[in-house]
Amino acid sequence: MTLVLQPEGGRRDRRRNLMVALILLVVFLFALAVFLLLIQGGKAPRAGLPRVLGDDAGKARFDRAVSPVSRPIAVAVSPDGRRMYVAESAGAYAVQVFETKGSPIAAMSPPHTTETTRQPMGVAVGTDGTVYVTDRRLRQIMMFEADGTYRDVLRPAGIDSWAPLAITVDRDGLIYVAEALDLPELQRHRIYVLQPDGVVVRQFGQKGDASSDLMFPSSLAVDGLGRIWVGDMTGVKVFGPDGVFKFRLRTEGEGAVALPGGMAVRNNEVYISDSINHRVVIYDASQDAVVPAGGFGTLGDGKGQFRYPAGIAISDSRIYIADRENGRIDIWTP
Amino acid sequence: MKRFKLLGVIALGAVIVGAGLVTWATPAQANGGPHGNFTLTTSSCAGCHRAHTAIGPDLLKSETVYGLCTTCHAGVAQTDVVHGQQVGTGKTLNGGGFEQVRGGAVSSSHTVEDLPVNGTPATGAGTAWGSQDGVGDGGVGVQGTLECTSCHNPHGSTNYRILRDASTTAKWVPNDPDLLSWVSYQVLATRDDAPNYAFDVTTQADCPVIPSTGTTPTPTPGPGTKCMSRFTSGVQSVTGQPSIIDPLKGMNAFCATCHKSYLTMSGGPGFNSLNTPEATVGPGTPTRIPSVIYPGTQDALDGHGEVARYRHSVGRTKGSPPKQPLRFAARGNDPNPPGTLQYDAMGCLTCHFAHGTNAAATPAAGDTIMPGPAADSALLFYDNRGVCISCHQTVGVPATVTPAPTNTSVPPTNTPTATPVP
């Protein structure tokens with residue numbers, strides 16, 4: 001027995017030693033990972049810019065710029081990708097219509113208004129080509145035909161007074177509107193989901209400091225899972241299709257978004273312009289857990305650079321970014 | 001097995017510690033509004049700053065202050081300083097706008113750094129309007145680069161518009177301990193401040209001691225180093241009640257921290273402000289010249305020599321009350337003697353916007369005497385010099401002016417109500 005057991009005991013010892021080595025290896029690797037995370041958290045790849053995975057190369061390529069436009073704040077593209085609508089926050093304070101190749105077509109503005117009585121802040125295009133424009137001074141959503149002809153005002157059924165700011169339309173034609181109204185007697189920081197006829201499907205959100213609260217929501221997107229991405233002064237918050245808060249994005253480190261200026265969805269990716277970090281950050285939103293998926297852009301006025309990027313729109317083959325202080329629309333190829 | 005258990009415990013501990021470290025190392029997130037309400041464990045700093053990856057001065061995430069501020073304050077947040085209106089009501093902001101106000105483009109503004117002026121971003125560099133010769137009480141206007149943060153403290157202050165508090169290190173506040181203290185009080189004063197800060201002193205012995213900053217002490221009558229009234233910009237006193245100091249009046253001192261020529265001490269008839277307190281008034285015993293702001297012949301310190309000339313009083317009025325309510329006036333009773341005279345004291349903001357105005361400046365044809373000032377709307381509230389007529393009404397009909405100061409900018413088509421949203 002002893003002669004038989006001795007080799008078995010030796011195998012057990014070797015097995016034990018192997019297990020010990022494996023466990024120590026796992027512990028070592030984990031500690032190494034923690035160490036690397038800590039090191040990377042405090043280091044930027046380039047001076048002055050937060051670290052973003054997939055930095056620049058590989059995620060998008062600068063194509064061209066369309067200018068001049070006066071301090072563009074929002075941009076939208078027609079469903080066929082042939083027209084681009086740009087909301088100006090200076091100059092004529094109009095929505096300029098371009099061919100996406102860059103030729104100007106028209107300027108849209110509500111009737112009986114001037115550059116000092118209107119202030120377009122958001123623009124979106126419906127599945128039927130209707131152009132929706134939120135106006136901060138008129139406190140309305142105006143509807144235009146695709147050629148720029150004014151049609152009517154869109155107002156939520158049962159709501160007489162509101163202050164819409166951001167707007168987007170999902171693939172089913174539902175209209176999402178962010179309202180930011182902050183008067184002493186009335187504070188509304190909320191999201192509306194509307195049918196094209198104005199019927200309110202859903203509304204949610206309130207002002208506050210909690211992660212699920214909103215603070216001047218100013219950009220919107222709906223991802224492929226129906227989740228509603230809301231950008232406000234405190235970052236980006238994601239809500240389920242039912243309006244229930246899911247999570248918020250980080251404001252530092254990988255995939256950081258400090259102050260979202262606009263958001264748009266392409267396939268399963270959400271593109272977010274970070275106004276004060278002067279770049280676009282991308283998130284993979286194909287799963288329940290979203291992960292940073294790169295980004296592009298740097299501070300400056302050259303090709304591939306931004307100064308306070310704001311609204312963003314995406315067609316099948318192009319990314320359109322309202323480059324606010326450079327006074328142009330930057331067009332990138334994914 | 002014991003070894004396995006031990007290793008398991010170690011591994012588990014390492015995982016927990018590692019996870020804790022990762023969690024601990026997660027950078028702060030910007031919760032809530034950025035202007036105050038900070039706690040020791042606040043995470044709001046990340047809204048505007050980066051400790052290691054800033055791209056602007058003061059660890060800002062933005063290259064310029066104006067660009068950072070107007071990312072929110074140009075239509076997103078309720079206070080739209082670019083267009084000079086309150087979002088939601090369309091009311092004109094008290095400070096006006098940097099690019100538009102009251103439905104028109106600005107004709108003059110405080111040109112902060114990066115403000116587009118004729119299509120070109122302003123440098124913000126310059127000297128505050130005022131004396132250039134640098135003598136006397138006033139001195140050279142403050143030089144530097146004007147930014148939003150020159151006047152506002154984005155981290156909050158006790159002023160409702162987060163105007164900066166005085167500081168010995170602040171570049172836009174003169175480093176004069178007495179003046180700093182006073183300016184601080186002027187800006188910070190609230191209804192709860194009991195002391196009445198107006199002292200129409202005629203002798204050095206009555207000069208109160210300047211209160212120190214950081215608290216709200218009552219100034220003690222006695223031989224103070226300076227008479228506060230030299231720098232007084234207004235006071236509000238109600239007989240039988242605790243004195244009320246309207247924070248609005250503090251704007252005068254606040255403005256004068258840069259436009260220093262207005263810090264001149266008033267003089268008596270025939271004496272300019274450069275006369276020392278020991279100056280002799282007429283034959284006989286030396287008497288200190290009444291050191292009050294109104295009215296008096298004062299040295300304008302405007303580069304034309306030390307010539308006594310009249311200057312419009314601020315902070316207090318004397319004689320009959322104005323013929324119309326004054327914008328941003330300090331109202332109350334004259335404190336010395338208490339309650340004897342009602343006044344409605346004008347201040348800088350009675351005539352001027354702080355950010356910018358759209359008032360017209362159209363000098364008459366052939367006006368070559370002072371073409372510069374006459375062609376400058378100078379942040380004034382009304383067209384040309386309508387601010388004079390609006391108060392004094394020295395003509396038969398009211399002056400033609402730009403739209404009224406409040407509730408006028410753009411009539412909102414969508415009046416807000418407190419009706420709850422269904």
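Chain letters run A, B, ... following the sequence lines, proteins first, then strands; residues in each count from 1. Model, not experiment: these values are computed from the prediction.
With a 4.5 Å cut-off on side-chain heavy atoms, B/Q78 and A/L181 count as touching. A 4.5 Å side-chain heavy-atom check between B/P121 and A/E325 finds every atom pair outside the cut-off. Within the 4.5 Å cutoff, side-chain heavy atoms of B/T70 are placed close to those of A/R324.
Contacts of A/S218 with chain B are made by side-chain atoms alone, with heavy-atom separations under 4.5 Å and no backbone atom involved. Only the side chain of A/Y308 comes within contact range of chain B, with heavy atoms under 4.5 Å apart.
The shortest heavy-atom contact between A/R71 and B/P116 is NH2-CG, 3.1 Å.
Formation of a donor-acceptor pair under 3.5 Å by the A/Q119 side chain with backbone atoms of B/A74 is found in this model. Of the possible donor and acceptor atoms, one in the side chain of A/R136 sits under 3.5 Å from a partner among the backbone N and O of B/V76.
If you take CD on B/E99 and OG1 on A/T116, they are separated by 13.5 Å, rounding to the nearest 0.5 Å. The line from CD of B/E63 to CZ of A/R307 is 4.5 Å long, rounded to the nearest 0.5 Å. Separating the CD1 atom in A/I276 from the SG atom in B/C48 is a distance of 6.0 Å, to the nearest 0.5 Å.
If you tally non-hydrogen atom pairs under 4.5 Å between each of B/C72, B/G67, B/G56, B/A51 and chain A, the highest count goes to B/G67.
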